[in-house]
Colleague: 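My questions all concern the structure below.
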Amino acid sequence: MSFAVFILTSALTVSCLSADTDKGRRKVVHVLEDDTGAVIVQTAPGKVVTHRGGSITLPCRFHHEPENTDPARIRIKWTKVTDALQFEDVFVALGRQQRVFGSYRGRVFLEQAGPGDASVIIQNVTLEDYGRYECEVTNDMEDDTGFVNLDLEGVVFPYYPRDGRYKLNYHQAEDVCKQQDAILASHSQLHKAWLEGLDWCNAGWLEDGSVQYPISHPRDQCGRKDTPAGVRNYGYRHKEDERYDAFCFTSKLNGKVYFLKRFKKVNYAEAMKACIRDGSVVAKVGQLYAAWKFQLLDRCEAGWLEDGSIRYPIVNPRSRCGGSQPGVRHLGFPDKKFRLYGVYCFRENKDETAGGTGMTKSPADSLSRRKSSNSIPMNATRVI
């Protein structure tokens, strides 16, 4: 009995969740046989891309010989694999029995697009879902695996706390990113941000425990002017004893960041109360960066954020708005009681599936809804 698992990739730039619209848009990675007749697995390079709150299919198909093998004896298992080669159970199915683990409960379902389909759908994607996944299919004594990378559209930003730069060990860096509606960035996310122009002279922790920083414009105070541009790497550092800044990553918001219009400027405590009276909360740093990236929030007025810092987002650089490059300007951490500024608030979308209720629908429910409303699927995903 021979057995093979292979990952599918899309032949188009955009694919949607609908089983009807997906049909025929994928190309199969050919499974080859060596001289002995044993099956060699080929998985396609690339990744699937979505955003926080979206839905995504992790594609995986299998073929077994003989083809009349009892489906009830097929075991499908999905696992998330970290850079440290640690494994987190996501989903397992044996025949009609299925189990979903941890934070994936209520969000992960088999796609069930036909015989040999081991693909799963992840709904209401979170920042923590980013990473590499293993698809393992087992039939009695035979098993095989394939891998697929889940990437998120988002933005990387450097972060340091009120007490100054180079104050965070690895675990504290993880915590401050979470407090600002973000996670520690990966090397690939930081590298992509550097390709898009990120230039930051302070080293920061990444999610794999390494310390790096991106330089687009080499200069003497940032590792010498005659060195090439790139992402500088200090390597893996001691997670408890060494102190650096953090590079955080966040994605699309389920809500809106806005500058609260007021007749007078306020201190930090007054800013907190003003947002609450307006049905919102003071925005976090990650939320302001996400609004700048996805909402194209552009405001040349400094305002309080939840961590006590003063910042403002600029999409279209102009005179007297902090320089010639787009970005989120940072004016530091002023005295909370005596300094007066505006305030950026965040209001969550309460009526969206990806919002605060955490409610999700199975693929069958979603397909039924689409057929009845004859509408276009809301969550499109890009496959690279």
Side-chain angles (χ1 to χ4, degrees), residues 154-250 284-293 298 300 302-303 305 307-334:
V155 57
V156 172
F157 61 95
Y159 188 84
Y160 61 90
R162 174 178 284 273
D163 54 354
R165 292 176 168 171
Y166 289 9
K167 299 292 185 180
L168 305 171
N169 66 24
Y170 175 83
H171 306 292
Q172 292 168 334
E174 275 190 316
D175 290 341
V176 297
C177 286
K178 289 179 180 178
Q179 291 165 11
Q180 299 310 316
D181 192 45
I183 57 174
L184 276 177
S186 68
H187 169 74
S188 62
Q189 289 167 338
L190 183 63
H191 184 262
K192 181 181 178 182
W194 169 73
L195 291 175
E196 294 173 349
L198 181 61
D199 183 279
W200 193 254
C201 199
N202 287 56
W205 291 102
L206 297 183
E207 57 91 19
D208 63 355
S210 66
V211 173
Q212 307 182 30
Y213 65 101
I215 295 296
S216 297
H217 307 288
R219 47 205 184 274
D220 288 335
Q221 60 269 40
C222 295
R224 293 173 49 186
K225 187 176 182 179
D226 58 353
T227 56
V231 177
R232 311 285 167 80
N233 192 343
Y234 286 2
Y236 298 101
R237 314 306 296 180
H238 196 285
K239 290 185 175 181
E240 282 77 26
D241 294 345
E242 298 194 40
R243 300 289 192 274
Y244 299 95
D245 292 347
F247 285 103
C248 306
F249 173 86
T250 193
K284 300 176 183 291
V285 176
Q287 291 169 338
L288 185 64
Y289 270 92
W292 168 74
K293 174 77 172 183
D298 184 286
C300 193
L305 293 183
D307 68 338
S309 65
I310 301 297
R311 306 176 194 245
Y312 62 98
I314 297 297
V315 175
N316 301 305
R318 48 205 182 272
S319 61
R320 291 181 288 185
C321 285
S324 61
Q325 298 296 320
V328 175
R329 314 291 192 238
H330 184 197
L331 303 185
F333 296 85

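The figures that follow rest on heavy atoms only: side chains count, while hydrogens, waters and symmetry mates do not. In this text the structure is predicted, and so the values were computed from the model without any measurement.
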Colleague: Determine, using ring centers only, whether Tyr213 and Trp200 are less than 6.0 Å apart.
Modeller: no
Colleague: Give the minimum heavy-atom separation between Ser309 and Val285, together with the two atoms involved.
Modeller: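 Shortest heavy-atom separation between Ser309 and Val285 comes out as OG-CG2, 4.1 Å.
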Colleague: Do the side chains of Val176 and Tyr160 get nearer than 4.5 Å, heavy atoms only?
Modeller: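 Contact flag for Tyr160/Val176 side chains = no.
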Colleague: When you check the gap from the basic side-chain N to the acidic O, do Asp199 and Arg219 get nearer than 4.0 Å?
Modeller: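 Looking at Asp199 and Arg219, the cut-off is met.
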Colleague: Only one of Lys192, Lys293, Glu196 passes side-chain contact (heavy atoms from CB on, under 4.5 Å) with Val155; say which it is.
Modeller: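 When side-chain contact (heavy atoms from CB on, under 4.5 Å) is applied between Val155 and each of Lys192, Lys293, Glu196, only Lys293 qualifies.
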Colleague: Taking the side chain as everything from C-beta on, heavy atoms only, tell me whether Pro326 gets closer than 4.5 Å to Val315.
Modeller: no
Colleague: Determine yes or no for a side-chain-to-main-chain donor-acceptor pair under 3.5 angstrom, with Asp181 supplying the side chain and Gly286 the backbone.
Modeller: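 It does not hold such a pair.
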Colleague: Are the aromatic rings of Phe157 and His330 close, with centres under 6.0 Å apart?
Modeller: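 Phe157 vs His330: aromatic centres not under 6.0 Å.
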Colleague: Can you label the angle between the Trp194 ring and the His191 ring as parallel, tilted or perpendicular, going by 30° and 60°?
Modeller: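 Trp194 vs His191 ring planes: tilted.
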Colleague: Do Gln172 and Tyr170 have side-chain N/O donor and acceptor atoms under 3.5 Å apart?
Modeller: no
Colleague: Within a 6.0 Å radius of atom OH on Tyr166, are there more than 12 heavy atoms belonging to other residues, nucleotides or ligands?
Modeller: yes
Colleague: Could you tell me the separation between the CZ atom of Phe247 and the CD atom of Gln189, rounded to the nearest 0.5 Å?
Modeller: 12.5 Å
Colleague: Mind checking the CG-NZ spacing from Asn169 to Lys239? Nearest 0.5 Å is all I need.
Modeller: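 Output value for this atom pair is 10.5 Å.
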Colleague: Can you tell me if Arg165 uses its side chain to pair, donor with acceptor, with the backbone of Tyr159 under 3.5 Å?
Modeller: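 It does not hold such a pair.
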Colleague: Quick one: pull up CD in Gln212 and CG in Leu206 and give me the separation to the nearest 0.5 Å.
Modeller: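 One finds 4.5 Å between CD of Gln212 and CG of Leu206.
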Colleague: Taking Gly235's backbone N and O only, do any of them form a donor-acceptor pair with Ser210's side chain (distance below 3.5 Å, no angle check)?
Modeller: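 Not at all, since once roles are kept as given, no pair shorter than 3.5 Å links the two residues.
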Colleague: For Tyr244 and Asn202: C-alpha separation, side-chain torsions, deciding distance, then whether side-chain contact (heavy atoms from CB on, under 4.5 Å) applies.
Modeller: CA-CA 8 Å; Tyr244 299 95; Asn202 287 56; over 6 Å; no
Colleague: Over all heavy atoms of both residues, which pair between Tyr289 and Pro158 is shortest? Give the atoms and the distance, please.
Modeller: OH-CD, 4.4 Å
Colleague: To the nearest 0.5 Å, how far apart are SG in Cys248 and CD in Glu174?
Modeller: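 Separation between the atoms: 10.5 Å.
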Colleague: On a heavy-atom basis, which atom in Arg318 and which in Cys300 lie closest, and how many Å separate them?
Modeller: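 Distance-wise, the nearest heavy atoms are NH2-CB, 3.7 Å.
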Colleague: Measuring from Glu240:CD to His171:NE2, what's the distance to the nearest 0.5 Å?
Modeller: 4.0 Å
Colleague: Nearest heavy-atom pair of Leu288 and Val328: which atoms, and what distance?
Modeller: CD2-CG1, 3.8 Å
Colleague: Rounded to the nearest 0.5 Å, how far apart are CG of Leu168 and CG of Asp245?
Modeller: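 If we round to the nearest 0.5 Å, Leu168:CG and Asp245:CG are 6.5 Å apart.
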Colleague: Is the backbone of Tyr312 close enough, under 3.5 Å, to the side chain of Arg329 for a donor and an acceptor to pair up by distance?
Modeller: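 Absent.
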Colleague: Passes side-chain contact (heavy atoms from CB on, under 4.5 Å), Asp220 versus Asp226? Steps please.
Modeller: CA-CA 8 Å; Asp220 288 335; Asp226 58 353; 5.8 Å; no
Colleague: Would a distance-only check, ignoring hydrogens and angles, find a side-chain to backbone donor-acceptor pair under 3.5 Å from Asp298 to Ile314?
Modeller: no
Colleague: Could you check whether any side-chain N or O of Lys284 sits under 3.5 Å from a backbone N or O of Gln179, counting only pairs where one atom can act as donor and the other as acceptor?
Modeller: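 Flag set: sc Lys284 to bb Gln179 pair under 3.5 Å.
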Colleague: If you take all heavy atoms of Leu184 and Cys177, which pair is closest and at what distance?
Modeller: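 Taking every non-hydrogen atom into account, CD2-SG, 3.7 Å.
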Colleague: Which heavy atom in Gly223 sits nearest to a heavy atom in Thr227, and how many Å separate them?
Modeller: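 Heavy atoms of Gly223 and Thr227 come nearest at O-OG1, 3.0 Å.
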Colleague: Hey, is the main chain of Ala203 close enough, under 3.5 Å, to the side chain of Arg232 for a donor-acceptor pair?
Modeller: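 Not a single qualifying donor-acceptor pair exists.
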